[in-house]
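In what follows, a structure is listed as structure tokens, so that the remarks can point back to it.
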Amino acid sequence: MTALPETTERKLGLVIDLDTCVGCHACVTACKGWNTQNYGAPLGDDDAYGAAPSGAFLNRIHSFEVQPDEGAAQTVHFPKSCLHCDDAPCVTVCPTGASYKRVEDGIVLVNETDCIGCGLCAWACPYGAREMDPIEGVMKKCTLCVDRIYNEALPEEDRVPACVRTCPAGARHFGDLADPDSDVSQLVAARGGMDLMPEQETKPVNKYLPPRPRDEIDVLAPFLERVDEGPKGFLGWLDRALERL
Amino acid sequence: MHPAPSLIFFSTLSGLGLGLLAFLGLGLAPTEGLTGLIFFALAFALTGAGLLSSTLHLGHPERALKAFTQWRTSWLSREAWVAVAALSVMGLYALLAMPGLRLAPLGWLGALLCLGTVGSTAMIYAQLKTVPRWHQPTTPLLFLGYAITAGALLSGRVSWTVVLLIVMAALQVLAWRRGDAALAKSGTTTGTATGLGGRGRVRLFEPPHTGGNYLTREMVFRVGRKHRVTLRTLVLILAFALPALLLLLPFSHWLAAIAVVSHVVGMLAQRWLFFAEAEHAVGLYYGQSAA
Ligand code: SF4
Ligand code: SF4
Ligand code: SF4
């Protein structure tokens, strides 16, 4: 059914820390790997070993430059995947009912055996989170690794999305954003987690933690007492002698 | 948005066909005998060709029947229903009308369904908040206006056509003007897309991949400014000015035929621009700016 549920019991999602992401693309590779071998049609590639390879990915890392009015520009690595929106426009436009949002945990999924590959849901998503599989002709999107997070065959520490499990920087967090006491909700509250394109009124579940300001030097710094005591003995003499030259 | 030929032909041909069908339904075009047969055949052929071409861009056309299930929320599903209803009602109407038994109320219902189909197609585009240029009341007005104009033109209602052509030219110019301002007005920028807008100017430093992908091919399309002006001028001349001029000359079948061809070519150019000019919000993640 492409009617959206009024509310969902839980809101599983990701919290992505733009302050710590180093743009290594490990999560992209982990995602591609897991979703090529598990749930649904394998994530396809066109001309994978040829001159112009192009494939479906559920997670991509962009890098942006932010130039403040004053001071140095900052580079921000920006991972982007489906935000499992509460008011998901991609679901309501789907003519076949292939796209749906689960009542129990809020995950937005595509039933690949119902999908006619019309592409309308990808048009309706403002974030570019849906890509047509070039081989299967069905719509692919992040499943929040629905086949890992509930999978009792996996050791407990692996029951998180592949991207979260693999991130070497700890920039990706997974949890229930409907529960105000969950780790992810507290992280969002503490760090001022934000929505992407709030004006599109999709009510994303995933949140982004803004980068912290870089290299802030205290105005009183020059007046502080020195912590290093300078070289002593022979090195100290050499240093002072060179200084006088 | 990528101007896919299948979608351009679909919306142009089905618009022409459904417009003519609506006129036949209202009894504003000849429905009886051989002339009736020719008119109905043309209208059904255009609509059918349009609908068929729309299935060409599906990844799994064999599952198309599933598209009838979600009419509660999906305009695409509604379009499928209304199109089938329009063709069925008009088919029955044609079968009765050609031998001379024209059931007027059935024709009115058919005409309403034909325009309903055009309206649903337009709503598929107009509903998309992600494409501010399309998310405007002018989108359904344009689609309906083009279909009605085509109906009048194809059924030989000369004076109606001339008036409609003038009104539509004005509506088209208005739609372009509103469309040009729509992205900026929507408030969606690279700043809101990344949430970093409050910190300074945000620009794409590195795309996720060096090559293109489905999203960039499908939704990030650029039309050069010069190109755009040329094409818009062409639309105004071919779709409106030339047909109106030809129809104002003393009537001849040849001039009318040229007017039809010119209008159709103009309409194809208009549909190409409709897709090619439309900026999708996802372009902001790929270095397009809200210009
Ligand atoms: S991010 Fe896009 S695909 Fe995911 S739920 Fe939101 S609108 Fe749908
Ligand atoms: S591509 Fe598939 S999932 Fe997306 S709208 Fe079409 S049928 Fe639904
Ligand atoms: S794995 Fe972690 S650090 Fe690397 S790109 Fe992904 S989110 Fe960023």
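Reckoned from all heavy atoms, side chains included, excluding hydrogens, waters and symmetry mates. Only a predicted model underlies this, so the values are computations on that prediction, with no experimental measurement involved. Chain A is the first sequence line, chain B the second, and so forth, proteins listed ahead of strands; every chain is numbered from 1.
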Which heavy-atom pair separates B/Leu51 from B/Ser54 by the least distance, and what is that distance?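 B/Leu51 and B/Ser54 have their closest heavy atoms at O-OG, 2.6 Å.
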
So for [X], is it side chain, backbone, both, or neither that comes closer than 4.5 Å to the heavy atoms of chain B?
X	result
A/Met194	side chain
A/Thr92	both
A/Pro211	both
A/Leu196	both
A/His77	neither
A/Phe78	side chain

Audit row: A/Arg172, A/Asp17, salt bridge (Lys or Arg N to Asp or Glu O under 4.0 Å) steps and yes/no: CA-CA 6 Å; A/Arg172 309 178 69 94; A/Asp17 191 342; over 6 Å; no

Of the listed residues ([options]), which shares the most heavy-atom pairs with chain B below a 4.5 Å separation?
options	answer
A/Gly23, A/Cys125, A/Ala73	A/Cys125
A/Ala52, A/Pro89, A/Ala129, A/Cys118	A/Cys118
A/Pro126, A/Ser54, A/Pro68	A/Pro126
A/Asp133, A/Val138, A/Asp114	A/Asp114
A/Glu201, A/Met197, A/Glu136	A/Met197

By a 4.5 Å heavy-atom criterion (distance strictly below it), what part of [X] contacts chain A: side chain, backbone, both, or neither?
X	answer
B/Arg217	side chain
B/Leu215	side chain
B/Leu7	side chain
B/Trp134	side chain
B/Ala67	both

If you measure only the distance, is there a donor-acceptor pair under 3.5 Å linking the side chains of [X] and [Y]?
X	Y	answer
B/Tyr146	B/Gln172	yes
A/Asp46	B/Tyr214	no
B/Ser11	B/Arg271	yes

Are there more than 12 heavy atoms of other residues, nucleotides or ligands under 6.0 Å from atom CG of A/Asp183? no

Which one, B/Met1, B/Arg78, B/Arg199, leads in non-hydrogen pairs under 4.5 Å with chain A?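 Among B/Met1, B/Arg78, B/Arg199, the one with the most close pairs to chain A is B/Arg199.
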
Taking heavy atoms only and a threshold strictly under 4.5 Å, list by residue number the residues of residues 201-212 of chain B that touch chain A; give 'none' if the list is empty.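 So the qualifying residues are B/Arg201, B/Val202, B/Arg203, B/Leu204, B/Phe205, B/Glu206, B/Pro207, B/Pro208, B/His209, B/Gly212.
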
Could you walk me through whether A/Lys140 and A/Glu112 pass salt bridge (Lys or Arg N to Asp or Glu O under 4.0 Å), step by step? CA-CA 8 Å; A/Lys140 303 296 290 184; A/Glu112 291 174 3; 2.6 Å; yes

Compute the centroid of each ring, for B/Tyr286 and then for A/His62, and state whether the two points are separated by less than 6.0 Å.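 Yes, ring centres under 6.0 Å apart.
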
